[in-house]
Amino acid sequence: MTKTLKQALKTHFGFDGFRSKLQEDVVKAVIKGDRDVFVCMPTGAGKSLCYQLPAVLANGITLVISPLIALIQDQVDHLRELNIAACSINSKLPAGERRLILTDLESSSPRLKLLYITPEMVASPSFQPCLTGLCNRGLLSYLAVDEAHCVSQWGHDFRPDYLKLGLLRARLPGVPCLALTATAPKNVQEDIMKSLQLRLPLSFVTPVFRSNLEYDVIFVELLPNPYVHLHAFVKKALGCGIVYCRTREGCETVAHQLTKLGVLAKAYHAGLKAGDRSEVQNEWMQGKVLVIVATISFGMGVDKANVRFVAHWNLAKSLASYYQESGRAGRDGLPSACRTYYSRKDKEQINFLIRQEIRRRQEKRGSAKETDKAAITDFEAMVLFCEQEKCRHAIISQFFGDKSPNCAGACDFCRNPKVVRAQLEKAAVLSTRTVAAQSNKPKGPFGFQADLYGGGKTGYGFERYDEGETGSGEEDTGKRKKEFSDLFKKQMKLRKVINPYCPLRDADSQKIPKLTVKAREHCLHLLEEALHGHQGAEDAFNSDTQMLAVDIEFEVFKNSKSANLYKAAVLKKVGDMKKEPTSSSAAGTSGANGQMNSIKSGEVQSKVKEEASASSSVSCSEELQGFKPASEVYSMKRKRIGAGQRGSSDPFLTAKELLKASASNKEDRANAAAVSMNSPTKGGKAKSKKQQMLAEAAKNTRNISQYFAKKETVETIQTEPQEQESTSTASAETASVSQSAETNQCLDTEGAETQDVILVERKCEVVTIDDGDDKNEEEQTHETTTLDLKPENDEPSEDGSRAADSSSKRVTFNPKVQQRALQSAKEPPKSVTLKEAADIVVHYLDPFYTQGKFATKELFKSFARYLSHLLAEGRSQGKVQVKAEAKALIKKFFSRVQRCESETDWKHLKRPHGSKATESKE
Ligand SMILES: Nc1ncnc2c1ncn2[C@@H]1O[C@H](COP(=O)(O)OP(=O)(O)OP(=O)(O)O)[C@@H](O)[C@H]1O
Ligand SMILES: [Zn+2]
């Protein structure tokens, strides 16, 4: 049998052998068909083949259940490329195609080998006749359930429709069933086998340990510049990779920052058009784009073997998800790096969101469920992964019920425990500085209380809360259940929380004697209501409001000495909020945002500057993917603008007050700008069509300048993405934070307030420049724009950065600014030195080097030298022209040369005359 199997493997799939003994064993067990099979193998181990090969060799059809249409599509495409008859019936299929498939399925000897289908479709009445027909004619060879962990309510991706698969399995008694998953801790494995009603299942479970993956955890709040840190990590990884962010905006920001630092990175998230998404994915697959910065919507089913790193810019929602996501690295077995950037803020936010989601689910359902706790414990496991002084591989392995593996230095702890400890200690210091020490219990880093997680440094402590009757009489399981149940009770006692999903911050704190959790919850509710009033009727209690209320409540809690004072302070806030009109008469959501900003800005003022740069973890979260529909997503916009934040002191200032106060100091001005950017213009005028289009354009991250091309009075200051922002993270925040709102506001040329807004914005920019060390760069940019008043086209710029990135656009209509820019253009530019020319050249050339466009580093250097001389040679011209020329030359070069292999490649290259023309259209 082995020989024929190997032959079939070669003929149909082109493989010389099985990937592993395990893969071979599974295939054989499936083909034998006397028992059901359960497979748990890590991502990339080759699970699909375990049913695909048997399917090809069988007479009938294999029904494959898979959770996502996109995943199915990938599989079907792949099989078709191999000339294997596979297809899918799903809701998106045109009626004609569906008909064809059904006709084939009804024929006496169907051509089809594999039929992929979602669990929803398999349960749908319209599919039943087909299924029954196949079954009655003995044409169903196997039933394969992919991503089988979705069936378990203990798992991290539970899908109710998967539960119905148990019934399906029961309906097909004679058909061998195969369940596959990559990520299932012991209790989930048991749950899968039970829920799917597998018959005498044979279990094939690989240890989760993957020795080629190197794990480490970096505490973001300790970094002077997280983006620079990430950039260094990417560079060191020597290859392509994925950076996961929780939010779309986070993706955009990180991609932009990386690109700015010289590594071509592109964002990928559900907010992009499908076409753009697949383009980004393709570019990344082909290695044209080195880094894809994505929400977790990216990755399932993406089969790229040589992913050299996976970085989590935000914490994953559970350790199981983290294992799966990080496991996309190193599928080729070569060393690859998996890094998590961890922060207390991130932890708190996700924790909040999870509890929020559970609360919502419970409200909908009207009751609590034991499994609700799984989400929390899984997340706590993720937190432990980051906060424990322990081998990271060991933590993962134990989570999945395996023994501790031999890590052999494949994690930061095993490489150097001292470094890990030092980091934890620093974080703990930072934490006690920033978090008011209300509790005298010793706390770990970021307020982490080891005993809340049962076990702290040495213990394991995150077995599932498992009281369901799993039927397994095993002593071990029973013991674990009891342990965990005790642990859970202990936790609740420690926290003194009536409701385990209580959203209060530091709910367990007894800082204020006699103040009960219940009273605090009541106050929180009052605050929510008051904020809700601000928000306008449209958007009832969303998580923004709640999150904000939680923050305000905590602020009051922190600053009150007695229960009475606390209550009085809350009531005062509530009263003020009710009295206080929103900063605009229209009281739209953006008005409320303005309000929120001013509150926020006070709230976070004391935080260290570095924290501001961990922007993605705090800025506009819009989706905690995986457990929230897009419509319900959390979108607390902490419109922070870095250093400017420190200025204001009253957390309850309104936007207007803040604006008034702002005249006094620079930093406040920056603040005011951010606030005013987000308040609607006077009178809440209806938007003109153009405005709407522009807003739309801004939303679509397109180049909005195209709309201004013909209008003389309105001019565009258009800057290049790479240069427009100062390199200080503070300004990066400003730009990303104010993007679409800013664009919207600036477009209202009639509104008097708009002019103010723009003026403030300019001031804000000046502040930014003063703060950063990139003054020249910024000024140069203005010069560039003066020379180039024409809008740029929408193509990516030559240096590989994306011109279409809206976060990097800045539009202004302030004539003074325009004048200033024009004046500066009249002054003769200073000619560049060779060193300056070299800097410019390297800046533009580096992305090409990163993309592997040079055969050797020497060639890259040599070419850079050549270009620098060419540009600096005996010409009196300013940086701006040199930049333009450099870009033009490089573009020209790569239009002729695919990859630079030798010095003769640049023989043809001469300095262009009239660089302007060369640059704009080529
Ligand atoms: N015997 C084999 N020899 C060589 N390559 C193989 C073999 N079996 C599978 N592969 C390849 O390994 C890669 C991973 O396989 P597959 O996608 O099935 O992994 P998986 O375990 O299903 O991962 P995931 O959990 O992400 O779905 C694919 O590119 C596949 O073609
Ligand atoms: Zn280790």
Side-chain angles (χ1 to χ4, degrees), residues 5-6 8-27 39-53 55-56 64 66-68 70-72 74-79 81-82 84 114 116 144-150 157 178-184 204-206 208-217 242 285 298-307 310 320-321 323-333 338 385 388-398 404-417 419-420:
L5 269 187
K6 287 229 166 108
L9 192 58
K10 182 80 188 161
T11 321
H12 298 286
F13 295 89
F15 298 140
D16 292 326
F18 286 100
R19 198 154 215 191
S20 60
K21 174 82 174 43
L22 199 72
Q23 194 187 42
E24 182 172 355
D25 290 347
V26 176
V27 169
V39 180
C40 182
M41 286 200 228
T43 36
K47 286 185 290 295
S48 320
L49 191 90
C50 298
Y51 59 84
Q52 286 169 350
L53 182 55
V56 173
V64 187
S66 178
L68 293 176
L71 268 180
I72 291 178
D74 281 345
Q75 293 267 359
V76 169
D77 290 348
H78 176 68
L79 288 169
E81 272 167 31
L82 294 171
I84 296 171
L114 293 112
Y116 281 81
V145 181
D146 207 359
E147 311 288 347
H149 58 273
C150 296
D157 268 334
L178 167 73
L180 311 105
T181 178
T183 40
F204 295 87
V205 179
T206 341
V208 290
F209 176 55
R210 287 174 60 194
S211 59
N212 65 319
L213 299 186
E214 287 195 21
Y215 282 95
D216 68 4
V217 176
I242 309 170
M285 293 293 284
F298 177 78
M300 276 252 237
V302 171
D303 183 19
K304 185 168 167 73
N306 63 343
V307 176
V310 172
S321 328
Y323 176 69
Q324 196 169 39
E325 286 151 28
S326 61
R328 294 188 179 122
R331 280 169 171 232
D332 53 8
C338 303
F385 174 86
Q388 256 181 324
E389 274 181 72
K390 190 171 174 176
C391 169
R392 315 276 182 200
H393 281 289
I395 295 175
I396 294 176
S397 292
Q398 289 182 0
S404 291
N406 177 15
C407 169
C411 84
D412 51 351
F413 181 79
C414 294
R415 250 190 334 267
N416 195 342
V419 172
V420 172

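Counting starts at 1 for both ligands and their atoms, following the listed order. Predicted model only: the values in this text are computed from it and were never measured.
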Ligand 1 versus Phe15: contacting region, heavy-atom distance under 4.0 Å: side chain
So, for Val27 and Cys50, which heavy atoms are closest and what is the spacing to 0.1 Å? CG2-CA, 3.9 Å
Give the contacting part of Arg331 toward ligand 1: side chain, backbone, both or neither, where contact means a heavy-atom distance below 4.0 Å. side chain
Taking all non-hydrogen atoms of both residues into account, name the closest pair between Tyr51 and Ala144 and its distance. CG-CB, 3.8 Å
Geometric N/O contact Gly46 with ligand 1, under 3.5 angstrom: yes
Short side-chain to backbone donor-acceptor contact, His393 and Pro405, under 3.5 Å: no
Of the non-hydrogen atoms in Cys391 and Phe413, which two are nearest, and what is the gap between them? N-CD2, 3.4 Å
Run the numbers for me: atoms of ligand 1, each under 4.0 Å from some heavy atom of Gly17, listed by number. 1 (N), 2 (C), 3 (N)
Would you mind listing which atoms of ligand 1 come within a distance below 4.0 Å of any non-hydrogen atom of Ser48? 16 (P), 17 (O), 18 (O), 22 (O)
Do you see an N/O/S atom of His393, backbone or side chain, under 2.8 Å from the Zn ion (ligand 2)? no
Any ion pair linking Asp412 and Arg392 (charged N to carboxylate O, less than 4.0 Å)? yes
Please could you name the atoms of ligand 1 that Phe18 approaches to less than 4.0 Å, counting only its heavy atoms? 1 (N)
Using a 4.0 Å heavy-atom threshold (strictly under), name the region of Met41 that reaches ligand 1: side chain, backbone, both or neither. neither
Can you tell me if Arg210 uses its side chain to pair, donor with acceptor, with the backbone of Gly330 under 3.5 Å? yes
